[in-house]
*Asks:* 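I have a structure I would like to understand better, so I am pasting it below and will then ask my questions one at a time.
Every value quoted in this text rests on a predicted model; they were computed, and no experiment measured them. In each ligand, atom 1 is the first atom listed, and ligand 1 is the first ligand listed.
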Amino acid sequence: MYCTPIKILLVEDNIADADLLQEILAAADTTQWSLVHVQLFQEAISTLSAAPFDVILLDLSLPDKQGLSTVAQTHETVPDLPIVVLTGLNDKVTAMEALRQGAQDYLIKGKIDTELLIRAIFHAIERAQTQKKLRQSEEQLQRLNEELEHRVAEQVEELKQKNQYLQREIAQRQHLEEELRNALIKEKELSELKSNIISVVSHEYRTPLTTILSSAELLEHYSQKWPIDKKKRHFQRIQNTVHHMTQLISDVLLINKAEVGKLEFKPSPLDLVVFCRELVEELQLTINSQHYINFNSQAGCCSVYMDEKLLRQFLTNLLSNAIKYSPDGGNIQFDLLLSKDAVSFRIQDEGIGIPTKDQVKLFDAFYRSSNVGTISGTGLGLTIVKKCVELHKGTVTVESEVEVGTTFTVTIPVPQDRPDSIVYNKLS
Ligand code: ATP
Ligand code: MG
């Protein structure tokens, strides 16, 4: 579809050629034309900017512009305007190149007749319209593509965020499940411990209570007849048994406190060498001459930052085990080892030893190894040791051989953020 008259801009500096073309057009009386003729390229550009045209007949050798740049610049100024290039006879190569640069057709001057000119003009307009539609649909396609890409990117981002959210949710759930599992394990352990405590305590209490009862009954019936020292022996028996029962109750209470996380850790500065030496002296007074505790320290004095109560608990338990499980007597070696970042307590005896199979369960509450025979005990001491050591963030290890002896080593790290936590003078 063309709107008539078809508006043609003729850009031709050669007046004769321009006249000829106008004559040829005039001969084509079936179509209505309106033609504007300019001679210079700059004139053409300003005319094109001022009013719309349907086609431009463009000479490629104008006084102010020559060659292919004429086509390029025209195309740049009015991209949708069909261009028919006018060339000389021997300039076919340039004409072909002009088509590549955006011209729709070309006419060779001197070989133009009415039919050719009209056909070239119509074809140029049609081709330009087709190209315009093509370009528009390409642009639309491009827009759609971009829109699609944008939407895909948005959806990808949305999915990524949902994925991250889900992963966080999963991690949170896993964490909660883990916490729940741990709480259940702890709960189970606690209830096992409680039922163990009930059965052991009730069992452990029966014997001492019978002892107390029998001594009390004997004293009631025979105190008149008995000599003083026999009466004293029975009073002593009652006192010892009560002491044993009290100890059992305090051990159970201490373990229970530790299990529920209520065992207090109150570190304060203390001289470890003095502390250990005094503890050994105290213990030495309570045991018979069969045993000897040999205390040895790497330093003359050693200031540490520890909980004195807990320290006393674990050292007393380890030392009294060393004595108790050496029924034939012997030496007990107690070494205090000091390094820049830890203190170690090594307690070594020459007693009955511990079978390898029992060593792994030693620190479980109420566990006693298979070779204890008639040596009394409840199996709580090492559980207490472990709890007290753990509160100091330390470790306890055991090495033992049956009938040869046992070595327990407790290692407590020295907190590096407290410069006053370990200061010691080396013995020369
Ligand atoms: P108590 O609660 O009165 O201390 P216990 O001594 O039996 O009773 P633990 O101190 O916990 O309990 O020790 C657990 C077990 O480890 C002991 O029963 C004993 O079999 C073994 N054991 C501990 N120390 C030694 C040691 N030095 N030599 C040999 N066996 C030991
Ligand atoms: Mg013990």
*Asks:* Could you tell me, atom by atom, which parts of ligand 1 come under 4.0 Å of a heavy atom of Val372?
*Replies:*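 Reading through ligand 1 atom by atom, the close ones are 18 (O), 19 (C), 20 (O).
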*Asks:* For ligand 1, which atoms have a heavy atom of Asn321 less than 4.0 angstrom away?
*Replies:* 6 (O), 9 (P), 10 (O), 13 (O), 23 (C), 24 (N), 27 (N)
*Asks:* Which residue and atom name correspond to the protein heavy atom nearest atom 7 (O) of ligand 1, and how close is it?
*Replies:*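 Ranking protein heavy atoms by distance from atom 7 (O) of ligand 1, first comes Arg368 NE, 2.6 Å.
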*Asks:* Do me a favour and list the nearest non-hydrogen protein atom to atom 20 (O) of ligand 1 with residue, atom name and distance?
*Replies:*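 Among all protein heavy atoms, the one nearest atom 20 (O) of ligand 1 is Ser369 OG, 2.7 Å.
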*Asks:* Indicate yes or no: at least one non-hydrogen side-chain atom of Val55 is less than 4.5 angstrom from one of Leu9.
*Replies:* no
*Asks:* Do Tyr367 and ligand 1 have an N or O pair less than 3.5 Å apart?
*Replies:* no
*Asks:* Hey, is Lys324 one of the residues with a heavy atom under 4.0 angstrom from ligand 1?
*Replies:*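 Checking ligand 1 against Lys324, which is what was asked, there is a heavy-atom contact under 4.0 Å.
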*Asks:* First locate atom CD of Gln104, then atom CD1 of Ile121, and finally report the distance between them rounded to the nearest 0.5 Å.
*Replies:* 12.5 Å
*Asks:* Look at the rings of His234 and Trp226 and say which category their plane angle falls in: under 30° parallel, 30 to 60° tilted, over 60° perpendicular.
*Replies:*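 Rings of His234 and Trp226: parallel, as their planes differ by under 30°.
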*Asks:* Which one holds for Ile354 and ligand 1: side chain close, backbone close, both close, or neither close, with close meaning a heavy atom under 4.0 Å?
*Replies:*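 Side chain only.
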*Asks:* Answer yes if the ring centres of Phe345 and Phe408 are under 6.0 angstrom apart, and no otherwise.
*Replies:* no
*Asks:* Taking heavy atoms and a distance under 4.0 Å, where does Asp349 meet ligand 1: side chain, backbone, both or neither?
*Replies:* side chain
*Asks:* Output yes when Glu177 and Arg173 qualify as a salt bridge under the 4.0 Å nitrogen-oxygen rule, no when they do not.
*Replies:* no
*Asks:* Taking C-beta and beyond as the side chain, do Leu40 and Asp13 meet within less than 4.5 Å on heavy atoms?
*Replies:* no
*Asks:* Can you find a heavy atom in the side chain of Leu10 that is under 4.5 Å from one in the side chain of Leu86?
*Replies:*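 In contact.
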*Asks:* Less than 4.0 Å between a side-chain N and a carboxylate O, is that true for Lys387 and Glu259?
*Replies:* yes
*Asks:* Can an N, O or S atom be found in Ser320 less than 2.8 Å away from the Mg ion (ligand 2)?
*Replies:*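 No, since none of the N, O or S atoms of Ser320 sits under 2.8 Å from the Mg ion (ligand 2).
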*Asks:* Can you list the atoms of ligand 1 that are under 4.0 Å from a heavy atom of Leu382?
*Replies:*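 Every atom of ligand 1 under 4.0 Å from some heavy atom of Leu382: 9 (P), 10 (O), 11 (O), 13 (O), 14 (C), 16 (O), 23 (C).
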*Asks:* Salt bridge check: are Glu281 and Arg277 linked by an N-O gap of less than 4.0 Å?
*Replies:* no
*Asks:* Considering non-hydrogen atoms of the protein only, which is the closest contact for atom 25 (C) of ligand 1, and what is the distance?
*Replies:*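 Here the nearest protein heavy atom works out to Tyr325 CD1, 3.4 Å.
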*Asks:* For ligand 1, is any non-hydrogen atom under 4.0 Å from Thr378's backbone (N, CA, C, O), its side chain (CB onward), both, or neither?
*Replies:*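 Both parts.
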*Asks:* Does the pair Lys162/Glu158 count as a salt bridge with the N-to-O cut at 4.0 Å?
*Replies:*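 Yes, Lys162 and Glu158 are salt-bridged.
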*Asks:* Purely on distance, is any nitrogen or oxygen of Leu362 under 3.5 Å from one on ligand 1?
*Replies:* no
*Asks:* Within ligand 1, which atoms have a heavy atom of Gly379 less than 4.0 Å away?
*Replies:*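 Ligand 1 atoms under the 4.0 Å threshold to Gly379: 1 (P), 2 (O), 5 (P), 7 (O), 8 (O), 11 (O), 12 (O).
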*Asks:* Check whether any heavy atom of Phe408 sits under 4.0 Å from an atom of ligand 1.
*Replies:* yes
*Asks:* State the atoms of ligand 1, each with its element, that fall below the 4.0 Å cut-off from a heavy-atom position in Gly377.
*Replies:* 3 (O), 7 (O), 8 (O)
